[in-house]
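Remarks on the structure that follows.
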Amino acid sequence: MSAALTVSSKQSKLLRFLRPQTPPNLSSLLRYLSAEPDHHPPAPPPQNDSPSVVTLVIELLQTSDNDWNEDKLHQLLFPTTSPPPPPHNLLQITRLLGSTAKALKFFNWVQANSPCQDSPLLSFTLEAVFEHASREPNSHNKLLDLFKTSKSHKIPLSVNAATLLIRCFGRSQMVDESFLVYNELCPSRRLTHIRNILIDVLFRKGRVDDALHLLDEMLQPNAEFPPNSNTGHIVFSALLKRDKVGRAVDEEEIVRLVSKFAEHEVFPNSIWLTQLISRLCRSGRTGRAWDVLHGLMKLGGVMEAASCNALLTALGRAREFKRMNTLLAEMKEMDIQPNVVTFGILINHLCKFRRVDEALEVFEKMNGGESNGFLVEPDVITYNTLIDGLCKVGRQEEGLGLVERMRSQPRCMPNTVTYNCLIDGYCKASMIEAARELFDQMNKDGVPPNVITLNTLVDGMCKHGRINGAVEFFNEMQGKGLKGNAVTYTALINAFCNVNNIEKAMELFDEMLEAGCSPDAIVYYTLISGLSQAGKLDRASFVLSKMKEAGFSPDIVSFNVLINGFCRTNKLDKAYEMLKEMENAGIKPDGVTYNTLISHFSKTGDFSTAHRLMKKMVKEGLVPTVVTYGALIHAYCLNGNLDEAMKIFRDMSSTSKVPPNTVIYNILINSLCRKNQVDLALSLMDDMKVKGVKPNTNTFNAMFKGLQEKNWLSKAFELMDRMTEHACNPDYITMEILTEWLSAVGETAKLKSFVQGYEVSASAEHRLWGNGRKQRLLQLLH
DNA sequence: GTAGGGTTAG
């Protein structure tokens, strides 16, 4: 229910309660206070010396209940010598009668006795009869009867009578009757406020088109009854609130209405304008939102920060920083005070683009760091945004510092989100223990963890090789009543797929279903990918069909994953099936699809198909990338056709302008070394240096193997030094080659000094080689 | 304001 209507319906309830015992002047005062004007001719000036006609008539009517002195009544009301009393008097008299029955009786008498039948006398008397009836139980039926009678007697409705009827019928869901009353009303009395009521009734009943039709009439440039602010409120609330009934009205239509309203100088209030701006932005029409806001600014609509905030959010999302700044400048110019949300948006977007220091500057500014007029106290959300921003760039210690600052500020205690951001920060920094401690801390502080806390820790543990710890933690939390969701299961399923524990991954999927947790598309995608990469294409297909049953469809990446899986397991017919399915679903193959197929055909020796596919991909507007060339080069290498591989390698940088990367060099260097063309491999390494392509561990491993074959010790030493220079860590393959080779030729001293270059970080070593490998290495060295 | 997945060449 809209605010204005709540007020006026409350007021009318108040009126109904007060009226019977209230003298007319208080009643008219209340009437004056109500949102709607009273549409009566002015009351005659009070007669000071003698009792008024009203008083006399009431006395007369009350003394004799069933037997009125009609002569006297006639004399008082319709004197032959003086003009008839003003209609207002009859209204007052009728109102003061105790019941509908009495009022109706009086009305009938007036109708029978009034000398002039088409005077407003009858309309006003009837109005008071309606008022009586409206206060009785089952009022809508009584009013309907009375209305029908008045219609058959051709008594015109007064403005107030029509208002009362339309409103009462509307409340009783009798929309057609409301409409009928309106249509019965003399066009000159179809005032704005009556139309407002009817429009409101129509909207509430979902009769959107009828309401808009009525509204259109009011919005005409020279409309007799133009819209007022109440009209705006009724219309915008009906069109923009969430639980609206009837057909949806699209944003363009609303924008059209807004501008028509604006021509009548009626503007949506801040709430509705903000709603409209958000809706336009959400449906991707930020430009239109910008126009609407600026149009209203120019026309003098009242603008508050909220509406600007809605637009700022959308601009930030679209990375339109220039326009964001323009809007901020305009806000300043128009004296629109930014609020905590405005600052929050700025801080958020700066953080999302990792410009955390600038975000901190804005934060200090709102704290009054620079005295530029306004102080806005940051709230929990401001703090959380910043803490998250800091954590996302690895500055979790500073985030922790902000928590201290938060605690010192009244009404700003760290909450679940605060802890979640920090826990995620520590997890991403591989500090799982610290994250776990924060989790204990939040429990101690009475801040309840939620499913996001759970997921953050589960994922953190999974990503740092503690899958069992993650499962344990999850079970512990379930025991405490904290249920997991699709995200929890995705993290675990993904982790088990990554360590090739497909059984456990599938088990978790079943567990998820048993727990009553419905999988979303991402769970399916994860599982399909894991199964495909593990070569379990039958199970991947099974999950795919389950996914479709659940109403999700594979996206381009899932198709690519499946196509790759089918190619690798030599189920080309299945791969084709997928391509067909993609086509039917309207999903075009992308570069990855082509690369996958090119890789497959070239690896199986069908180079002509591979080249045909490459031509087709270009025709489709896709650009062959370093991966495309890599697939061909790799296949030619595997096929023993090193000349062709080198030819493509030379072509790709000169003709196609795709510079080779480390992977490409590695493929070639590896193949050349295997073919004993170590000289050529070495020249490629020089080429890398020239082109600025960094060699990695694989590059050196391939070279060492080649050099070992040739027993080119001096070259190996040279490369070992270069490896150290590049801060390129040896892995266990490097160590195995070098240990075997160098200890065989009695060069363990050189090897020891090489290894010592890397013994700076025990944890890095641990990560690289693992404990077992290191033990073996040490054994070999001693 | 906070959490999840997947692709192609080594």
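Quick note on labels: first sequence line is chain A, next is B, and so on, each numbered from 1. Please read these numbers as outputs of a predicted model, since none were measured by experiment.
Salt bridge A/R539/A/E503: present, at least one basic N to carboxylate O contact under 4.0 Å. Classification of A/E549 and A/K546 as a salt-bridged pair holds, one side-chain N sitting under 4.0 Å from a carboxylate O. In this structure, A/K463 pairs ionically with A/D459, as a charged nitrogen and a carboxylate oxygen lie closer than 4.0 Å. Checked for salt-bridge contact, A/R466 and A/E433 meet the test: a charged N lies under 4.0 Å from a carboxylate O.
In this structure, A/M547 places its CE atom 11 Å from C1' of B/dG6, rounding to the nearest Å. For A/L457 and B/dG4, the CG to P distance is 12 Å, given to the nearest whole Å. Atom CG in A/N670 sits about 10 Å away from atom P in B/dG10, given to the nearest Å. Atom pair A/Q396:CD and B/dT2:P shows a separation of 17 Å (rounding to whole Å applied). We find that CG of A/N498 is positioned 13 Å from C1' of B/dG4, with the value rounded to whole Å. A/D459 has its CG atom 15 Å from the C1' atom of B/dG6, to the nearest Å. Taking atom CD1 of residue A/I502 and atom P of nucleotide B/dG6, one finds them 13 Å apart after rounding to whole Å. We find that OH of A/Y629 is positioned 19 Å from C1' of B/dG10, with the value rounded to whole Å.
Between the side chain of A/T490 and the base of B/dG4, at least one donor-acceptor pair of N or O atoms lies under 3.5 Å. Not a single donor-acceptor contact under 3.5 angstrom links the side-chain atoms of A/N494 to the base of B/dG6. Checked by distance alone, A/N661 brings a side-chain donor or acceptor within 3.5 Å of a matching partner on the base of B/dA9.
Listed nucleotides: B/dG6, B/dT2, B/dA9. Nearest to the side chain of A/D555: B/dG6. Comparing B/dT7, B/dA3, B/dA9 against the side chain of A/N485 picks out B/dA3 as the nearest. Distance from the side chain of A/K392 is smallest for B/dT2 among the nucleotides B/dT2, B/dA9, B/dG4. The side chain of A/I452 approaches B/dT2 more closely than any other nucleotide in the set B/dT8, B/dT2, B/dG6. Residue A/S558 places its side chain closer to B/dG6 than to any other of B/dT2, B/dG6, B/dG4. Distances were taken from every side-chain heavy atom of A/C421 (C-beta onward) to each of B/dG6, B/dT2, B/dG10; the shortest belongs to B/dT2. Counting only heavy atoms from C-beta on, A/N564 has its side chain closest to B/dT7 among B/dG10, B/dT7, B/dG4. Among the nucleotides B/dA9, B/dT7, B/dT2, the one closest to any side-chain atom of A/H634 is B/dA9. Distance from the side chain of A/V451 is smallest to B/dA3 among B/dG10, B/dA3, B/dG4. Of the listed nucleotides (B/dG10, B/dA9, B/dG4), B/dG10 has the atom at the smallest distance from the side chain of A/N698.
Within the 4.0 angstrom heavy-atom criterion, base atoms lie near A/V523. Here A/V417 lies in heavy-atom contact (under 4.0 Å) with a base. A/N348 comes within 4.0 angstrom of the backbone, heavy atoms only, and of no base. No engagement by A/A635 is indicated, since no non-hydrogen atom pair under 4.0 Å with the nucleic acid exists. A/I667 comes within 4.0 angstrom of the backbone, heavy atoms only, and of no base.
At the phosphate of B/dT8, neither OP1 nor OP2 sits under 4.0 Å from any side-chain N or O atom of A/K603. Using a 4.0 Å cut-off, some side-chain N or O of A/S599 falls inside it from OP1 or OP2 of B/dA9. In terms of phosphate contacts, A/Q533 brings no side-chain nitrogen or oxygen within less than 4.0 Å of OP1 or OP2 of B/dG6.
Not less than 6.0 angstrom separates the ring centroid of A/Y629 from the ring centroid of A/F649. Between A/Y636 and A/F607, the ring center distance clears the sub-6.0 Å criterion. With ring centers used as reference points, A/F439 lies 6.0 Å or more from A/Y426.
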